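This chain uses plain numbering: 1 for the first residue, then up along the sequence. Just so you know, these numbers come straight off a predicted model, no measurement behind them.
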Amino acid sequence: MTEGTTAAAEGGDTLTRLEQEGEIAADYLEGLLDIADLDGDIDMDVEADRAAVSIISDSGGQDLQKLVGRDGEVLEALQELTRLAVHRETGDRSRLMLDIAGFRAKKRSELATLGAQAAAEVKATGEPVKLDPMTPFERKVVHDAVAAAGLRSESEGEEPQRFVIVLPA
């Protein structure tokens, strides 16, 4: 095999592995929805080299809000449980992302805006901007938004009080 063929095969293997993670996660979550007697459809995708699974509802998702919880706390716990279910089946650590009723997608959009606003403030003042503590997911979104604005950012502090500082270029 040539180097390009090997890279393509590895890419195909990665895609197959991530699709398998999504299938395992979907089966686990379908069982959970059945136990909780909640209606929801499962959508699977591969985004940024990780499996992405979403639970969506045609009825507006009000019932699914129970699975999101306050500030996404239940969603985070369900994501970890789903990752453990995938790990149990595959033996490999999963970086799967779970979204329920569009909560994480909405949060991603809000955080990208926050990161862009902080970057604009730093560009205008030349002074670093310290943001409130965030989860790892939230910090990643802000770091990406700051980088897209041409600035740099760092995480500081200890969990759960870890936060982002946006720095001048």
Atom of Pro168, atom of Gly126 and distance for their closest heavy-atom approach: CG-O, 3.2 Å

Heavy-atom pair of closest approach, residues Pro160 and Pro133: O-CB, 3.9 Å

Nearest heavy atoms of Arg83 and Ser94, plus distance in Å: CD-O, 3.6 Å

Would you tabulate the side-chain donor-acceptor contacts of residues 98-120 under 3.5 Å, counting partners in other chains and residues two or more places apart, or write 'none'?
residue	atom	partner	partner atom	Å
Asp99	OD1	Phe103	N	3.1
Asp99	OD1	Arg104	N	2.7
Asp99	OD2	Ala105	N	3.2
Arg104	NE	Leu98	O	2.7
Arg104	NH1	Glu76	OE2	3.2
Arg104	NH2	Glu76	OE2	3.4
Arg104	NH2	Gln79	OE1	3.1
Arg104	NH2	Leu98	O	3.3
Lys107	NZ	Glu138	OE2	3.4
Thr113	OG1	Ser109	O	3.1

Nearest non-hydrogen partners of Val164 and Arg139, listed with the distance: CG2-CG, 3.7 Å

Over 12 foreign heavy atoms within 6.0 Å of CG, Asp39: no

Contacts of Asp41 that satisfy side chain to side chain donor-acceptor pair (under 3.5 Å) - sequence neighbours left out: none

Interatomic spacing from CZ in Arg162 to CD in Glu156 - rounded to 0.5 Å: 8.0 Å

Check against side chain to side chain contact (heavy atoms under 4.5 Å, CB included), Leu32 and Leu38: CA-CA 9 Å; Leu32 180 77; Leu38 295 172; over 6 Å; no

Co-membership, hydrophobic cluster, residues Leu18 and Met97, 4.5 Å side-chain: no

Any residue meeting salt bridge (charged side-chain N to carboxylate O under 4.0 Å, His left out) with Arg152, in chain and number order, not counting sequence neighbours: Glu154

Chi angles and distances behind the side chain to side chain contact (heavy atoms under 4.5 Å, CB included) call for Leu15, Glu19: CA-CA 6 Å; Leu15 181 61; Glu19 288 172 344; 3.7 Å; yes

Glu159 versus Pro136, closest heavy-atom pair with distance: OE2-CG, 3.9 Å

Common cluster, Leu33/Val53, ILVMFWY with side-chain heavy-atom separation under 4.5 Å: yes

Phe137 vs Val141, side chain to side chain contact (heavy atoms under 4.5 Å, CB included): CA-CA, chis, key distance, verdict: CA-CA 6 Å; Phe137 161 76; Val141 173; 3.9 Å; yes

Approximate separation, where rounding is to 0.5 Å, of Leu96 CG and Glu21 CD: 6.5 Å

same_hphob_cluster(Leu29, Val68) at 4.5 Å side-chain heavy-atom cutoff: yes

Donor + acceptor pair across side chains of Ser153, His143 (<3.5 Å): yes

CD1-CZ distance between Ile24 and Arg88, expressed to the nearest 0.5 angstrom: 9.0 Å

Residues, nucleotides or ligands: over 12 heavy atoms within 6.0 Å of Glu158 CD: no

Asp37 atom CG, neighbour heavy-atom count above 12 within 6.0 Å: no

Atom pair CG/CZ of Leu84 and Arg93 - distance to nearest 0.5 Å: 10.5 Å

Leu67 reachable from Ile42 in the ILVMFWY side-chain graph, under 4.5 Å edges: yes

Under 3.5 Å: donor-acceptor pair, side chain of Ser54, backbone of Ile56: no

Side-chain heavy atoms of Val166 within contact of Glu121, under 4.5 Å: no

Side-chain heavy atoms of Ile165 within contact of Val129, under 4.5 Å: no

Spacing of Ile55 atom CD1 and Thr82 atom OG1 [to the nearest 0.5 Å]: 7.5 Å

From CA spacing to verdict: side chain to side chain contact (heavy atoms under 4.5 Å, CB included), Val86, Tyr28: CA-CA 9 Å; Val86 170; Tyr28 176 78; over 6 Å; no

Asp144/Lys140 ion pair, N-O < 4.0 Å: yes

